[in-house]
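The next block holds one structure in the form of structure tokens; read it before the comments.
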Amino acid sequence: QVQLVESGGGLVQAGGSLRLSCAASGRTFNSYSMGWFRQPPGKEREFVAAITWAGSSTYYRDSVKNRFTISRDNAKSTVHLQMNSLKPEDTAVYYCAARRGGSGATLLQGQVYDYWGQGSQVTVSS
């Protein structure tokens with residue numbers, strides 16, 4: 001069992017930055033690929049970014065490329081999402097998720113993840 005706890009959300013003006021963190025319980029964090037998803041108001045959940053269990057590959061949705069960076073610190077069982085140049089359309093509840101193993105394009109699909117955090121609200125004002 002893995003428990004995930006997000007932190008770092010909040011209210012920011014357009015153009016600003018936020019850093020989301022997701023702390024995982026358990027001693028096998030380095031065997032899990034990690035993903036970030038978001039659910040904008042009134043919309044379906046969507047993929048944002050993912051990083052493989054080895055940290056060797058990262059994936060991003062097109063609209064956040066060159067603005068968001070996913071990283072992981074296996075020693076601290078934590079994954080981060082650095083969000084720069086934020087836009088109002090980035091407003092959403094952000095969720096981190098964990099999948100044992102995993103690689104490639106499958107990590108873009110929410111249904112492959114085994115564990116989810118409770119979510120963290122990010123609001124970007126114009």
Side-chain angles (χ1 to χ4, degrees):
Q1 189 77 6
V2 175
Q3 291 186 323
L4 304 173
V5 179
E6 299 102 336
S7 61
L11 173 64
V12 65
Q13 288 188 331
S17 298
L18 282 174
R19 188 192 196 204
L20 298 179
S21 296
C22 175
S25 65
R27 295 173 291 179
T28 58
F29 177 75
N30 59 4
S31 64
Y32 285 84
S33 294
M34 302 297 295
W36 285 98
F37 291 77
R38 67 187 182 188
Q39 187 166 16
K43 296 184 179 181
E44 297 292 316
R45 183 184 66 194
E46 60 189 27
F47 167 78
V48 177
I51 186 166
T52 54
W53 59 273
S56 55
S57 297
T58 57
Y59 308 88
Y60 297 94
R61 72 179 294 108
D62 286 346
S63 63
V64 308
K65 284 180 180 177
N66 301 317
R67 297 191 298 124
F68 291 11
T69 302
I70 188 171
S71 62
R72 64 188 299 153
D73 183 342
N74 286 343
K76 296 183 178 180
S77 298
T78 302
V79 62
H80 302 287
L81 185 68
Q82 178 66 44
M83 305 184 293
N84 299 328
S85 302
L86 282 161
K87 303 176 181 180
E89 51 263 43
D90 295 317
T91 294
V93 178
Y94 283 71
Y95 299 89
C96 70
R99 168 183 167 78
R100 191 172 183 85
S103 64
T106 59
L107 295 178
L108 280 64
Q109 302 170 35
Q111 59 264 35
V112 308
Y113 289 85
D114 305 306
Y115 303 100
W116 292 82
Q118 83 286 353
S120 182
Q121 177 70 47
V122 171
T123 303
V124 184
S125 63
S126 58

Check your understanding: Does the side chain of Arg61 reach to within under 4.5 Å of the side chain of Phe68, using non-hydrogen atoms?
Key -> no
Review point. Which of these passes side-chain contact (heavy atoms from CB on, under 4.5 Å) with Tyr113: Leu107, Leu4, Thr106?
Key: Leu107
Revision key, fill the gap. Sorted by chain and residue number, the side-chain hydrogen bond (donor to acceptor under 3.5 Å, both in side chains) partners of Arg45 (sequence neighbours excluded) come out as none
Review point. Among Tyr95, Phe47, Tyr59, which one satisfies ring pair (Phe, Tyr, Trp, His ring centres under 6.0 Å) with Phe37?
Key: Phe47
Exercise for review: Would you confirm whether Thr78, through its side chain, and Lys76, through its main-chain N or O, come within 3.5 Å as a donor-acceptor pair?
Suggested key: yes
Check your understanding: Any donor-acceptor pair under 3.5 Å linking the side chain of Gln118 with the backbone of Val5?
Key -> no
Review point. Are Trp36 and Tyr115 joined in one hydrophobic group, where the rule is that I, L, V, M, F, W and Y side chains link up if heavy atoms are under 4.5 Å apart?
Key: yes
Check your understanding: Just by distance, do the side chain of Glu6 and the backbone of Cys22 share a donor-acceptor pair under 3.5 Å?
Key -> no
Check your understanding: Can you hop from Tyr94 to Tyr60 via hydrophobic side chains spaced under 4.5 Å?
Key -> yes
Point to revise | Cation-aromatic face contact Arg72/Phe29, 6.0 Å, 45 degrees | key: yes
Point to revise | Val64 with Met83, same ILVMFWY side-chain cluster at under 4.5 Å | key: yes
Review point. What heavy-atom pair brings Gln109 and Ala105 nearest, and what distance separates the two atoms?
Key: NE2-O, 4.1 Å
Check your understanding: Any side-chain heavy atom of Arg38 sitting closer than 4.5 Å to one from Thr91?
Key -> no
Review point. Is the backbone N or O of Val2 less than 3.5 Å from a side-chain atom of Ser25, with the two atoms forming a donor-acceptor pair by type?
Key: no
Check your understanding: Would you say Ser33's side chain and Gly102's backbone share a donor-acceptor pair under 3.5 angstrom?
Key -> yes
Practice item. Using modelled atom types only, decide if a donor and an acceptor are shared between the side chain of Thr52 and the backbone of Ser57 within a distance under 3.5 Å. Key: yes
**Study point:** Least distance between heavy atoms, Gln121 atom then Ala92 atom
**Key:** NE2-O, 3.4 Å
Review point. Looking only at heavy atoms, what is the nearest atom pair of Ser31 and Arg100, with distance?
Key: OG-NH1, 3.3 Å
Check your understanding: So with a 6.0 Å cut-off around CD of Gln39, is the heavy-atom count from everything else above 12?
Key -> yes
Practice item. Assess whether salt bridge (Lys or Arg N to Asp or Glu O under 4.0 Å) is satisfied between Lys87 and Asp90, documenting all intermediate values. Key: CA-CA 5 Å; Lys87 303 176 181 180; Asp90 295 317; over 6 Å; no
Review item, side-chain donor-acceptor pairs of residues 8-20, under 3.5 Å, at least two apart:
from, atom 1, to, atom 2, distance (Å)
Ser17, OG, Asn84, OD1, 2.9
Arg19, NH2, His80, NE2, 3.4

Point to revise | Taking every non-hydrogen atom, the tightest pair across Leu81 and Ala49 | key: CD1-CB, 4.1 Å
Point to revise | Approximate separation, where rounding is to 0.5 Å, of Thr58 OG1 and Met34 CE | key: 14.5 Å
